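Within every chain, numbering begins at 1; the chains are lettered A, B, ... in the order of the sequence lines, protein sequences first and strands thereafter. Keep in mind that what you see is a predicted model, and the values were worked out from it rather than measured.
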Amino acid sequence: MAPKFNPLEIDKKWQQKWADDRLYEVSEYSPRPKYYALTMFPYTSGDLHIGHWYAMAPSDVHARFRRMQGYNVLHPMGFDSFGLNAENAAINRGIHPYTWTMQNIDNMRRQLKSIGAIYDWSREVITSLPEYYKWTQWFFLKLYENDLAYRGKAPVNWCPKCQTVLANEQVVNGGCERCGTAVSQQDLEQWFFRITRYAEELIQHDGIDWPERTKIMQRNWVGKSTGAEISFALDHPGVEEKEIRVFTTRPDTTFGVTFMVLAPEHPLVARFTTPDNKAEVEEYIAKSRRQTEIERLSTEKEKDGVFTGAYVINRLNGEKVPVWIADYVLLSYGTGAVMAVPAHDERDFAFAKKYGIPIRVVISPPEWQGEELAEAYIEPGTMVNSAQFNGTPSQEGIGAVADYLAEKGWGGHAVTYRLRDWLISRQRYWGAPIPMVYCEKCGIVPVPEEDLPVLLPEDAQFKPTGESPLTYHEGFVNTTCPQCSAPAKRETDTMDTFVCSSWYFLRYVSPHYDTAAFEPDKMKYWLPVDIYTGGAEHTVMHLLYVRFFTKAIRDMGLIDFGEPVTRLFHQGHIIAERRKMSKSRGNVVNPDEYVTDLGVDAVRTYFMFLGPWEQGGEWDDSGLSGISRWLNRIWNLVLDDYNQRSGSDPSGISEAERELSRFTHQTIRKVTTDLERLRFNVMVAALMELTNYLTKVKEDGRIGRPAWDEAVETLILLLAPSIPHLAEELWQQIGNEYSVHNQDWPLWDEELAREDEITLVVQVNGKLRDRIAVPASITEAEAKEQALGSERVKTYLQGKETVKTIYVPGKLVNIVVR
RNA sequence: GCCGGGAUGGCGGAACUGGCAGACGCAGCGGACUUAAAAUCCGCCGGAGAGAUCCUUGUGGGUUCGAGUCCCACUCCCGGCACCA
């Protein structure tokens with residue numbers, strides 16, 4: 001009898017040994033092909049819950065599998081550690097953000113180590129340390145140099161509770177992503193990254209293996225619209241501008257324009273509103289400013305607006321068009337002005353009805369007789385009331401009108417994107433300071449590279465004032481101009497944490513390199529990332545930003561690839577009590593207690609077995625015991641003595657061995673392809689089946705000792721990525737050389753995996769009637785003959801006429817009768 | 001409203017490219033071992049029926065020799081976007 005299986009002792013023993021031997025440290029100097037397996041690094045919000053483990057354990061299994069397959073695998077880990085959480089802790093509990101963050105990291109690192117992953121801890125990256133954020137600042141300077149970072153006044157999303165600006169992506173249902181508080185609009189001077197310059201490239205995903213839905217979501221987020229820009233003539237006393245340009249996807253409806261609408265914030269409004277309308281217009285602007293994003297975006301809300309008293313001319317037909325303002329027009333999209341065609345746009349229709357503005361049909365619906373429309377007609381049709389374009393199908397008209405506009409110099413074909421520039425300023429302390437200086441003489445001056453990093457002062461005061469503690473820190477703010485040496489002020493905003501995480505995958509290749517953000521040779525060796533796994537919630541933020549960064553620095557010549565990640569995979573969410581786990585809901589499950597109870601291998605395996613990785617699932621620990629039992633069975637299977645039954649029939653033995661090798665090789669094939677496709681749940685099931693099969697084989701005792709030993713070794717090798725601790729222990733116990741994790745992944749032999757005998761399914765009219773064991777080499781004629789010869793089948797053929805017989809090789813015969 | 005994804009036993013799920021529905025595990029039931037329990041091992045385990053057999057993959061239709069898988073319509077659930085001109 002084997003000694004009792006003690007998973008906790010085994011976990012401890014091998015984690016210690018692997019660490020001592022630096023088994024998982026990787027270097028660039030390897031003859032093996034490289035494989036960069038990246039898992040999204042965690043945000044340092046406290047401790048890890050099983051959601052993190054669900055992201056990390058299966059990805060480690062995949063990385064270990066690649067390692068055994070002969071790849072030189074880089075599987076790094078680090079901490080995304082700037083951000084609001086730490087600062088709020090400072091305000092609420094009086095702990096310095098640095099201290100709080102480092103405590104969290106210590107705890108999270110301990111938890112991560114207990115997973116038993118192949119993380120190379122010598123490459124750990126912490127974004128909030130100067131040795132890292134120095135390079136975040138350096139990238140900022142590079143973007144600035146290349147006109148991809150700029151400062152501008154903009155209406156921004158402001159969270160009154162967090163007292164900071166939010167990116168569009170951080171506004172969820174009109175509320176703050178973090179605290180849910182309604183977001184309001186404020187005009188502030190802010191730093192932006194010109195991500196829109198890459199809009200076109202960001203909707204291309206050629207040559208990368210990403211989930212279809214992620215690509216679609218990114219495309220939708222970028223929101224490309226094709227149409228035309230049209231100039232409307234403006235002639236207003238005292239206004240310089242002689243035109244207002246609008247963007248439209250429907251230039252074919254331009255003859256139907258009966259009014260124009262500007263966003264209330266549009267700069268022209270104040271200048272051309274006539275005295276009669278001034279009071280009303282100002283009141284409307286004030287009202288829409290007061291509204292929160294939630295109110296303003298409510299689709300329930302009836303569209304309203306006010307007339308400015310100003311007019312423009314529709315150049316296509318010379319008509320005077322009244323100009324209104326309404327808050328359903330957004331300043332930030334297109335030109336902040338729209339031409340309104342009530343006959344062919346639902347919103348314009350409702351607006352025109354409400355204010356008694358004429359509705360003129362210019363696209364004829366089928367069988368239209370000139371009657372009034374009951375609702376906007378937005379489908380294609382034939383152009384009418386459109387001068388020389390009458391009779392043109394509207395879809396042709398789109399291009400024809402745009403061409404005509406271009407010819408006349410009144411506009412032309414145009415493309416607009418929904419994507420806006422990335423606002424990166426945060427009025428907060430715990431972030432990478434933006435390395436800029438304001439000089440009275442020289443204006444905005446970048447901090448010279450050699451002066452980086454701009455360090456966060458340690459002695460800041462944390463008060464909930466709405467401004468960054470940096471603003472009050474005289475020692476930080478007051479500096480000298482790098483150009484003229486006159487007294488100057490530092491920028492006190494810090495960068496959005498998403499800036500830090502936009503390039504961390506580059507830092508892992510040379511985390512301690514201090515003369516550049518990354519060592520070029522090592523970057524060339526490791527990148528791009530071969531597989532990146534993480535949650536789908538990062539699709540339109542992190543994953544878009546990472547691609548933008550990569551393309552931007554490619555164009556600077558720093559790297560020579562444009563896509564950071566070759567293959568992307570999203571694991572699903574672990575939920576508890578039917579909801580996503582979160583601290584505020586109090587349904588967070590901590591993995592530590594399970595690990596100290598059952599051992600880490602059981603927990604790792606349970607995450608894989610739960611269901612398809614991309615689907616996630618409910619955390620239900622009742623299934624864990626099944627995994628534990630299985631590990632125990634493996635232990636006994638491998639370590640209890642094998643007794644070959646003497647006096648067995650020699651021919652029987654060889655047949656049993658043939659069966660065993662077939663089963664083993666089929667399992668190798670299945671486990672290998674499942675691991676390649678990250679189908680962990682069925683991989684575990686296949687390993688359980690092999691275990692069950694070996695248990696039976698062992699009882700029968702008909703296998704020769706060498707064949708048995710070989711089968712057991714294969715089982716252990718196949719288990720090694722999933723249950724690294726137990727596999728290592730068993731590998732040693734059966735007398736093999738350390739370490740199982742340095743062994744080659746088993747290869748299957750198609751010849752050995754092939755079935756000699758198959759079960760031929762016989763159907764009559766598509767219904768299962770018999771199963772016949774036949775040789776795999778059976779011919780079509782033989783199969784049909786056997787099928788027709790079956791007694792069970794014959795009873796269903798009695799008195800019937802056979803219409804045809806379908807044969808699917810190796811599978812079935814279907815006899816169709818009438 | 002628009003764009004994705006999904007629905008299979010009591011439960012989690014399996015089923016390659018249209019070919020044996022329910023692999024594997026959990027729970028349950030029965031048995032062995034035990035003074036007993038736990039642990040372990042063996043067996044049963046979608047529904048109806050005495051049985052032959054029939055029914056069964058959210059609902060309704062269709063294509064096909066054959067549909068969980070393909071097509072059409074619908075219901076519900078999850079995720080994303082939401083006045084984008």
Whether A:H538 and A:H542 hold their rings parallel, tilted or perpendicular, with breakpoints at 30° and 60°: perpendicular
Nearest-angstrom distance from the residue atom NZ of A:K698 to C1' of B:rC41: 14 Å
Centroid-centroid distance, A:F307 to A:Y355, less than 6.0 Å: no
Partner nucleotide of B:rU59 by Watson-Crick or wobble geometry (both distances under 3.5 Å): B:rA73
Proximity to the side chain of A:N681 - top-ranked nucleotide from B:rA14, B:rC26, B:rC65: B:rA14
Rounded distance in Å - NE2 (A:H573) to P (B:rG12): 19 Å
Side-chain donor-acceptor contact under 3.5 Å, A:N765 with A:Y796: no
Length of the line joining A:H344:NE2 and B:rC83:P, which is rounded to integer Å: 24 Å
Euclidean distance, atom CZ of residue A:F5 to atom P of B:rU40 [Å, nearest integer]: 13 Å
Separation between the P atoms of B:rC71 and B:rU64, rounded to whole Å: 16 Å
P atoms of B:rC70 and B:rU17, separation to the nearest Å: 10 Å
Presence of A:R347 side-chain N/O under 4.0 Å of B:rC84 phosphate oxygens OP1/OP2: yes
Phosphate OP1/OP2 of B:rG6 contacted by A:R213 side-chain N/O (<4.0 Å): no
Gap in Å between the two C1' atoms, one belonging to B:rU59 and one to B:rC42, rounded: 43 Å
Euclidean distance for P, B:rG19 against B:rG66 (whole angstrom): 15 Å
Main-chain N/O of A:Q786 paired to A:S790 side chain as donor or acceptor, under 3.5 Å: no
OP1 or OP2 of B:rC26 under 4.0 Å from side-chain N/O of A:R629: yes
Pairwise C1' distance, B:rG31 and B:rU75 [rounded to whole Å]: 46 Å
Close side-chain approach of A:I230 to A:V257, heavy-atom, < 4.5 Å: no
A:N692 vs B:rG25: side-chain N/O to OP1/OP2 distance below 4.0 Å: yes
Presence of A:Y693 side-chain N/O under 4.0 Å of B:rC24 phosphate oxygens OP1/OP2: no
Proximal nucleotide (of B:rA23, B:rA14, B:rG19) relative to the A:E689 side chain: B:rA23
B:rG1: pairing nucleotide in any strand, Watson-Crick or G-U under 3.5 angstrom: B:rC81
Whole angstrom value for the distance that separates C1' of B:rG4 from CH2 of A:W221: 15 Å
A:R679 side chain near B:rA15 phosphate (N/O to OP1/OP2, under 4.0 Å): yes
Presence of A:K804 side-chain N/O under 4.0 Å of B:rC65 phosphate oxygens OP1/OP2: yes
Span that lies between the C1' atom of B:rA23 and that of B:rG12, in whole angstrom: 13 Å
Gap between atoms CD and C1', on A:E791 and B:rA52 respectively (whole Å): 17 Å
B:rG9, syn or anti by chi within 90 degrees of zero: syn
Contact under 4.0 Å: A:R418 side-chain N or O vs B:rA82 OP1/OP2: yes
Distance, rounded to the nearest Å, where A:K224 contributes NZ and B:rA85 contributes C1': 18 Å
Donor-acceptor pair, side chain of A:H266 and main chain of A:L268, under 3.5 angstrom: yes
Closest to side chain of A:T248, choosing from B:rG19, B:rA85, B:rC41: B:rA85
N or O in side chain of A:S225 less than 4.0 angstrom from B:rA85 OP1/OP2: yes
Whole-Å gap separating C1' (B:rA14) and CD (A:Q615): 12 Å
A:F607 vs A:W619, ring-ring contact (aromatic ring centres under 6.0 Å, His included): CA-CA, chis, key distance, verdict: CA-CA 9 Å; A:F607 281 126; A:W619 174 256; 5.5 Å; yes
